[in-house]
Amino acid sequence: MSKQPDDYMTLAFAAAAKVSSTSPNPRVGCVLVRDGEIVGIGLHERPGEHHAEVNALLAAGERARGATAYVSLEPCCHFGRTPPCTQALIAAGVAEVVYAMPDPNPLVAGKGVQALREAGIRVSGPLLEAQARLLNRGFIKRMEQGLPFVRCKLAMSLDGRTAMASGESQWITGPAARADVQRLRAESCAVLTGVNTVLHDDPALNVRVDAQGVAAAPATLRQPRRVILDSTLRTPATASLFQLPGEVLVFTASADAARLAVPGVEVRPLAADAAGRVDLRAAMQLLAQDFQCNEVLLEAGPTLSGAMVQAGLVDEVILYIGAKFLGSDAMPLLRLSGLQHMADQIALDIIDVTAIDADLRVTARLRSH
């Protein structure tokens with residue numbers, strides 16, 4: 001049975017999804033088809049390198065002339081680190097372009113489609129737009145709202161506890177669930193935590209390879225930027241995450257940024273909220289606008305995680321559940337203040353429940369998003 005446009009676009013999505021992160025760019029895949037035959041498949045692998053359309057054209061060579069290009073995002077039409085993809089498609093003699101969704105980047109936003117049509121190329125779309133938006137939730141939110149897409153990673157026992165009363169928490173879940181967290185980090189532009197987690201757990205927050213040498217993400221991965229919210233600059237200069245390669249940011253409400261002077265670590269003073277803590281929305285806006293973060297993974301304790309949820313800054317919760325009880329004296333999953341009545345509840349929609357060895361992973365969206 002011959003393939004339909006939906007099938008080719010699905011292949012473009014699959015190509016785009018092979019890369020864990022292309023931040024600050026979107027994930028994009030392209031499939032070139034001529035006379036019912038796939039003549040080229042391309043994807044965008046990393047910023048500064050060829051976009052998906054150009055890689056597909058290179059794979060197709062002369063067979064691109066007269067072909068139909070199925071692209072998971074409207075082709076770009078502006079000069080950035082690379083020339084416009086519309087220019088490459090026109091020069092290659094492509095007959096038709098089918099795109100999955102408009103590009104939310106104001107530099108493109110319909111202009112790519114217009115440039116192709118003005119060159120005499122047939123253009124149709126959007127096609128399978130809902131699936132296309134899932135590929136680039138962070139890029140879309142950053143372009144449309146000036147905020148990153150935030151996933152809150154949590155781990156708890158079956159009775160909803162995250163650590164013993166003493167603070168002991170290793171390990172609630174097993175090795176497979178912890179390896180899955182490495183995948184989440186690899187897909188993120190930044191991993192965000194609070195100073196209390198740094199003081200208590202001294203985490204590394206980087207993407208690691210497991211003991212068997214199996215990569216949790218592609219070998220070409222870029223380490224996510226690590227971000228600490230530290231209102232009064234209590235983070236010690238000896239913290240483990242300062243000793244590892246990669247960018248580290250500290251957001252503070254303190255006016256004395258020089259108190260934390262660590263080579264290679266950037267300390268950014270931000271506005272304080274009414275309680276004197278770092279303004280959470282201002283921190284997220286800064287990550288999106290100044291640092292071009294599409295997706296942020298929140299790995300923090302119950303206080304910061306709860307505050308981010310109540311501030312409406314968390315889009316998705318990834319909850320790992322270990323099959324054990326920790327008891328009523330143990331620490332809660334989130335600290336959510338002011339919820340006195342059922343009407344105050346914070347509702348979620350469960351998107352997925354998956355068994356990971358002996359543990360469960362629950363994915364849920366905040367209903368307000």
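Residue indices begin at 1 and follow the sequence shown.
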*I would like to know whether R46 and E49 meet side-chain contact (heavy atoms from CB on, under 4.5 Å); could you show each step before the answer?*
CA-CA 6 Å; R46 57 185 65 82; E49 297 188 1; 3.0 Å; yes
*Kindly determine whether D290 and R268 satisfy salt bridge (Lys or Arg N to Asp or Glu O under 4.0 Å), including the steps that lead there.*
CA-CA 11 Å; D290 283 25; R268 281 286 190 107; 3.4 Å; yes
_Please evaluate residues V362 and D352 with respect to the criterion side-chain contact (heavy atoms from CB on, under 4.5 Å), reporting the C-alpha separation (whole Å), side-chain torsions for both, the decisive distance (0.1 Å), and the verdict._
CA-CA 6 Å; V362 178; D352 178 70; over 6 Å; no
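Hydrophobic clustering (side-chain heavy atoms under 4.5 Å, transitive across Ile, Leu, Val, Met, Phe, Trp, Tyr) groups V309 together with L147. Residues I318 and L192 do not share a hydrophobic cluster, clusters being chains of Ile/Leu/Val/Met/Phe/Trp/Tyr side chains in contact below 4.5 Å. The hydrophobic cluster containing V150 also contains L348, counting ILVMFWY residues as joined when their side-chain heavy atoms lie under 4.5 angstrom apart, directly or transitively. The hydrophobic clustering, which links ILVMFWY residues whose side-chain heavy atoms are closer than 4.5 Å, places I356 and V181 together. No chain of hydrophobic side-chain contacts below 4.5 Å, direct or via other Ile, Leu, Val, Met, Phe, Trp or Tyr residues, connects L297 to V317.
Counting only heavy atoms from C-beta outward, the side chains of L249 and L287 approach each other to under 4.5 Å. Side-chain contact between V262 and V267 is absent, with no heavy-atom pair separated by less than 4.5 Å. The closest side-chain heavy-atom distance from L158 to L326 is not below 4.5 Å. Proximity of V19 to L43: side-chain heavy atoms (C-beta onward) are separated by under 4.5 Å at one or more points. Looking at V191 and V227, their side chains never come closer than 4.5 Å, going by heavy atoms from C-beta outward. Side-chain contact check for P104 versus I140: some heavy-atom pair is nearer than 4.5 Å. For the pair T68 and Y8, the minimum side-chain heavy-atom distance is 4.5 Å or more. Residues D6 and M9 form no side-chain contact, since every pair of their non-hydrogen atoms from C-beta on lies 4.5 Å or further apart.
In this structure, the side chain of S72 engages the main chain of G29 through a donor-acceptor pair within 3.5 Å. Within the 3.5 Å criterion, the main-chain N or O of V207 finds a donor-acceptor partner in the side chain of Q223. Side-chain atoms of K18 do not come within 3.5 Å of backbone N or O of E45 as any donor-acceptor pair. In this structure, the side chain of Q243 engages the main chain of A239 through a donor-acceptor pair within 3.5 Å. At distances below 3.5 Å, at least one donor-acceptor pair connects side-chain atoms of T22 with backbone N or O atoms of N25. Using modelled atom types, one side-chain atom of E74 and one backbone atom of G110 make a donor-acceptor pair closer than 3.5 Å. Looking only at distances, a side-chain donor or acceptor of R142 sits under 3.5 Å from a matching main-chain atom of P24. Between the side chain of D201 and the backbone N or O of V198, no donor-acceptor pair lies under 3.5 Å. Checking side-chain atoms of R226 against main-chain N and O of L241 turns up a donor-acceptor pair under 3.5 Å. Looking at D279, its side chain does come within 3.5 Å of a backbone N or O of A282 through a donor-acceptor pair.
Evaluation of the salt bridge (Lys or Arg N to Asp or Glu O under 4.0 Å) rule for E316 yields R137 as partners, not counting sequence neighbours. For R133, the salt bridge (Lys or Arg N to Asp or Glu O under 4.0 Å) partners at least two apart in sequence or on another chain are E144. Remark: R178 pairs with no residue by the salt bridge (Lys or Arg N to Asp or Glu O under 4.0 Å) rule, at least two apart or across chains. The ring-ring contact (aromatic ring centres under 6.0 Å, His included) search around F242 returns none, not counting sequence neighbours. With sequence neighbours left out, A91 forms a side-chain contact (heavy atoms from CB on, under 4.5 Å) with no residue at all. Here D359 pairs with nothing under the salt bridge (Lys or Arg N to Asp or Glu O under 4.0 Å) rule; sequence neighbours left out. Taking S231 as the reference, A253, R277, V278 meet the side-chain contact (heavy atoms from CB on, under 4.5 Å) condition, with sequence neighbours excluded.
Of all non-hydrogen atoms in G301 and T197, the two that sit nearest each other are N-OG1, 3.3 Å. Closest heavy-atom contact between R234 and D230: N-OD2, 2.7 Å. A186 approaches S21 most closely through the heavy-atom pair O-CB, 3.7 Å. Here the closest heavy-atom approach between residue T173 and residue G322 is recorded as CG2-N, 4.1 Å. When all heavy atoms of P102 and E129 are compared, the closest pair comes out as CD-OE2, 3.7 Å. Heavy-atom minimum distance, A311 versus L280: CB-CD1, 4.5 Å.
In this structure, I346 CD1 and L366 CG are separated by 7.0 Å, a value rounded to the nearest 0.5 Å. With rounding to the nearest 0.5 Å, the separation of CG in L333 from SG in C152 is 7.5 Å. Here L57 contributes atom CG and N55 contributes atom CG; the two are 9.0 Å apart, rounded to the nearest 0.5 Å. Here D349 contributes atom CG and T363 contributes atom OG1; the two are 12.5 Å apart, rounded to the nearest 0.5 Å. Atom SG of C189 is separated from atom CG of N294 by 4.5 Å, given to the nearest 0.5 angstrom. Between the CG atom in L154 and the CG atom in L298 there is a gap of 7.5 Å [rounded to 0.5 Å].
D315 pairs in a side-chain hydrogen bond (donor to acceptor under 3.5 Å, both in side chains) with only one of the listed residues (K141, R151, R365), which is K141. Partner of Y99 under the side-chain contact (heavy atoms from CB on, under 4.5 Å) criterion, out of V113, L73, L116: V113 alone.
The salt bridge (charged side-chain N to carboxylate O under 4.0 Å, His left out) pairs that include a residue from residues 292-313 are R27-E295, K153-E299, R185-E299, where partners are two or more places apart or lie in different chains. Among pairs with a residue in residues 239-255, those fulfilling salt bridge (charged side-chain N to carboxylate O under 4.0 Å, His left out) read R225-E247, at least two apart in sequence or across chains. Within the structure, every pair that satisfies the ring pair (Phe, Tyr, Trp, His ring centres under 6.0 Å) test and touches residues 13-61, not counting sequence neighbours, is listed here: H44-H51.
Apart from V54 itself, the hydrophobic cluster it occupies contains L58, where clustering links Ile, Leu, Val, Met, Phe, Trp and Tyr at side-chain heavy-atom distances under 4.5 Å.
In the model, D256 has no side-chain atom that pairs as donor or acceptor with a side-chain atom of S254 under 3.5 Å. Checking D202 against S240 by side-chain atom types alone, a donor-acceptor pair falls below 3.5 Å.
The number of heavy-atom neighbours closer than 6.0 Å to CD of E62, taken from other residues, nucleotides and ligands shown, is 12 or below. The environment of I350 atom CD1 is sparse: at most 12 non-hydrogen atoms of other residues, nucleotides or ligands sit within 6.0 angstrom.
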Donor-acceptor contacts, no H, no angles, side chain residues 30-38, under 3.5 Å, sequence neighbours left out:
from: R34; atom 1: NH1; to: R65; atom 2: O; distance (Å): 3.0

